[in-house]
Amino acid sequence: MAEADDGSEEPDPGEDQRGEGDASAATEGHSGSQAALREAGEEAKDKPMPDAKVARVPGEEEEEEDTDSMDGSGLYSLTEEGERESEGGRRERVNERDAGKRAARKRNRPSGGTAHHSSSSDEDDDDEEEEEDQEEEEDEQAMDAWLGAELRDLSGPSWRAVPSLKSREIGRDSHQFVRRVCGARGLVQRLELQGRLERHTGCVNTLHFNPSGTRLASGSDDLRVVVWDWARRRAELEFDSGHKSNVFQAKFLPHSGDSTLAMCARDGQIRVAELSATQRCKNTKRVAQHKGAAHKLALEPDSPCSFLSAGEDAIVFAIDLRLDRPANKLVVVKEGDKKVGLYTIFVNPVNTHHFAVGGRDQYVRIYDQRKINENENNGVLKKFCPSHLVSSESKTNITCLVYSHDGTELLTSYNDEDIYLFDSSHSDGADYRRRYKGHRNNATVKGVNFYGPSSEFVISGSDCGHIYLWDKVSARIVQFMEGDRGGVVNCLEPHPHLPGLATSGLDHDVKLWSPTAENLTGLKGLKDVMKKNKRERDEDSVRHGDQYDTQLLWFLMRHMRNRRPQRTRREGAEGDTDESWSSPDSSDEEDGGPDHVQCMSS
């Protein structure tokens, strides 16, 4: 079998990495010392030289490049290729940094005083400097320990290009070829920017491929929805969504022939657009109305006319387009007697009666549509939460959650926290199974997703503008890409059948990524960015620990909104001239909470 040959032939990536580093250091040290002697004399001998890579003979180890290993970076995901250095070079930079700090402190010392007083002051300053250096070293060690905790060894490659192509040629496992390619780590590590789709004039908040993967829908703050022929980089259809505020999601309903799009937005409306085969939008209809923003829709995989919506009013609507009144209030999400505003909802793709929601508290709640009794445990089937967040005083929210391809796992992203993986079959109150660290989720309501046909990877954007991909099992980062000039990546939409994805964020374009890079990723700069994200997160946690000001601001804004003249509201209602369905349950419940000032994700 090709898989068995793959595992036995794979060399130890750590040995290659260490061998290359040692040879590099030896070669560089010899040539660097000779050059320095000729130019500067004997004192240059002790100066450490930076490492350089040994030039590889053309054609050498070509077959090894077919593997989806990380060329040694699998030993530890935070080691950046191209940034490895000798101990001497590292010590020199540390010494230079410390010397610079000491010089800066000396420049800031007050002048004057007796010689004896100056000498005593110098000794005190030296003691303070040593203490500060020791504290910095301890902080650095604590940071490294945090980044390295809860990680597992990265497994060997599961796919190799040459053996897999040979097997397909003779008809062996040919039906599995595409799935194995899309889930190969080697291709994930070769993802690079392939192109941009430019049409919107605002932040792009939502992306969704149609079931066949030939079309891509995007929605934006400009209130418009664009349907793209992404392969040709052109817009096939563009229309006004009918929403009055930021479009948060636009999704093709399955088995509808790509003729029906469901949409939700900051104005709380749930709308449906009917598209024609002649590349135009026939109309849009309002089918439900939340009080507060509606962030997410949850599609039922086999239904062209049924889906769920969730809003900040804590309400989940079940919407059936076959009914005269499509919206039916399914549940009001509560913790005790307090309503919980919702940011995200997802239907289990295998057991479509189950759906999960998350929002303005730390709990993932799973419901069964067949037996929701709000008088019993508020209708909740079971709840999950990381154990250390159960009694946490921090105001932790869930910004996004998704089920895996087979519904057995539930991936959850927390604001200014990490990403957690739960086993959806576990009992109520179970702790997480995996934790994915390094990104930052603070500035927006950020999305998270699985990548790969069998959910092999976890993918998320970050406030630092980068895209992170973790190996799901080991929780190690295997890809790290700069994704958005605006500084925040919100939406990540893997292609349903090909190895690639689309992303968007604060930039006004959509970015397309494909595994076309010649070399595997080096994860250059990753460790520094991860540490920076962690420090900023800790600082913000201390700075914004008190939520009183946010709650007060929200109360004042809501009070001012409720004092608007009724005439303005009537005019707004009359201006909505498109056909709509009303529901007796729409908007009869409202709960409060501080709104996020944001460009929202899908």
Side-chain angles (χ1 to χ4, degrees), residues 211 249 251 253-256 260 262 264 270 272 287-290 294-359 361 363-385 398 400-412 422-430 450 455 581 583-589 591:
Q249 210 159 43
K251 288 192 169 188
L253 293 186
H255 306 296
S256 67
T260 309
C264 63
I270 310 300
V272 171
V287 297
Q289 176 72 55
H290 289 272
H295 295 273
K296 291 287 196 303
L297 303 173
L299 305 183
E300 297 184 8
D302 297 322
S303 175
C305 50
S306 302
F307 58 94
L308 305 179
S309 71
E312 290 188 20
D313 54 4
I315 295 176
V316 174
F317 282 123
I319 298 170
D320 190 335
L321 302 181
R322 296 168 295 187
L323 304 178
D324 292 336
R325 295 183 177 275
N328 174 47
K329 186 170 67 177
L330 200 57
V331 67
V332 178
V333 178
K334 295 181 179 180
E335 180 62 25
D337 294 329
K338 182 181 178 182
K339 296 176 185 176
V340 179
L342 301 177
Y343 293 138
T344 181
I345 183 170
F346 210 93
V347 169
N348 187 319
V350 175
N351 183 358
T352 56
H353 296 295
H354 288 188
F355 66 91
V357 298
D361 69 2
Y363 293 104
V364 177
R365 293 173 174 84
I366 297 177
Y367 295 84
D368 187 332
Q369 295 188 51
R370 299 166 297 182
K371 44 186 178 183
I372 295 179
N373 181 1
E374 294 191 27
N375 295 322
E376 183 179 341
N377 198 27
N378 287 322
V380 177
L381 180 65
K382 50 188 170 182
K383 295 193 299 186
F384 297 139
C385 179
I398 296 173
C400 187
L401 56 78
V402 292
Y403 275 102
S404 61
H405 72 291
D406 57 3
T408 60
E409 296 170 320
L410 197 54
L411 190 65
T412 307
F422 298 93
D423 189 325
S424 61
S425 65
H426 282 177
S427 59
D428 183 38
F450 287 102
S455 306
W581 289 298
S583 168
D585 291 327
S586 296
S587 307
D588 66 346
E589 299 283 351
D591 182 34

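Note that the structure is a prediction, hence the values are computed from the model and not measured. Numbers here are sequence positions counted from 1.
Atom CG of residue Asp423 and atom CD of residue Glu409 lie 7.0 Å apart, to the nearest 0.5 angstrom. The CG atom of Asn351 sits 6.5 Å away from atom CG of Asp368, with the distance rounded to the nearest 0.5 Å. Distance check: His354 NE2 to Leu410 CG gives 12.5 Å after rounding to the nearest 0.5 Å. Expressed to the nearest 0.5 Å, how far OG1 of Thr408 lies from CZ of Phe422 amounts to 14.5 Å. Atoms NZ and CG, from Lys251 and Leu297 in turn, are 7.0 Å apart once rounded to the nearest 0.5 Å. To the nearest 0.5 Å, atoms CG (Leu308) and CG (Leu299) are separated by 9.0 Å.
What you find for Phe384 and Gly429 is that their closest heavy atoms are CD2-N, 4.3 Å. Between Ile315 and Lys329, the shortest heavy-atom contact is CG2-CG, 3.7 Å. Minimum heavy-atom separation, Ala327 to Ala288: CB-CB, 3.6 Å. Gly379 and Ile372 make their closest contact through CA-CG2, 4.1 Å (heavy atoms, listed as atom of the first residue, atom of the second, distance). For the pair Lys339 and Ala314, the tightest heavy-atom approach, listed with the atom from each and the gap, is CB-CB, 3.8 Å. Annotation for Val340 and Gly359: closest pair CG1-C, 4.5 Å, computed over non-hydrogen atoms.
For Ser404, the side chain to side chain donor-acceptor pair (under 3.5 Å) partners at least two apart in sequence or on another chain are Asp406. Listed by chain and residue number, Glu335, Tyr363, Arg365, Val380, Asp428 satisfy the side-chain contact (heavy atoms from CB on, under 4.5 Å) test with Lys383 (two or more places apart in sequence, or in another chain). Pro304 pairs by the side-chain contact (heavy atoms from CB on, under 4.5 Å) definition with His255, Ser256, not counting sequence neighbours.
Side-chain atoms of Phe355 and Gln369, non-hydrogen and from C-beta on, do get closer than 4.5 Å to each other. Looking at Val272 and Ile319, their side chains never come closer than 4.5 Å, going by heavy atoms from C-beta outward. Contact check for Ile270 versus Phe307: side-chain heavy atoms found under the 4.5 Å cut-off. Pro254 is not listed as a side-chain neighbour of Asp302, based on a closest heavy-atom distance of 4.5 Å or more. The side-chain heavy atoms of Val357 and Val331, taken from C-beta on, include no pair separated by under 4.5 Å.
Lys371 contributes no side-chain N or O that, together with a main-chain N or O of Leu381, makes up a donor-acceptor pair within less than 3.5 Å. Not a single donor-acceptor pair under 3.5 Å links the side chain of Lys334 to the backbone N or O of Glu374. Thr344 places a side-chain N or O within donor-acceptor distance of the main-chain N or O of Leu401, the cut-off being under 3.5 Å. Using modelled atom types, one side-chain atom of Ser424 and one backbone atom of Gly407 make a donor-acceptor pair closer than 3.5 Å. Of the possible polar contacts, none joining the Glu300 side chain to the Ser306 backbone as a donor-acceptor pair under 3.5 Å is found.
Taking the six-membered ring where the residue is Trp, Tyr343 and His295 present perpendicular rings, their angle passing 60° and hence far from 30°.
Residue Arg370 qualifies as enclosed at atom CZ: its count of foreign heavy atoms under 6.0 Å is above 12.
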Side chain to side chain contact (heavy atoms under 4.5 Å, CB included) evaluation trace for Asp320 with Asn328
CA-CA 8 Å; Asp320 190 335; Asn328 174 47; over 6 Å; no
ask   = After noting the C-alpha distance and the side-chain angles of Leu330 and Tyr367, does the key distance pass the side chain to side chain contact (heavy atoms under 4.5 Å, CB included) rule?
value = CA-CA 10 Å; Leu330 200 57; Tyr367 295 84; over 6 Å; no
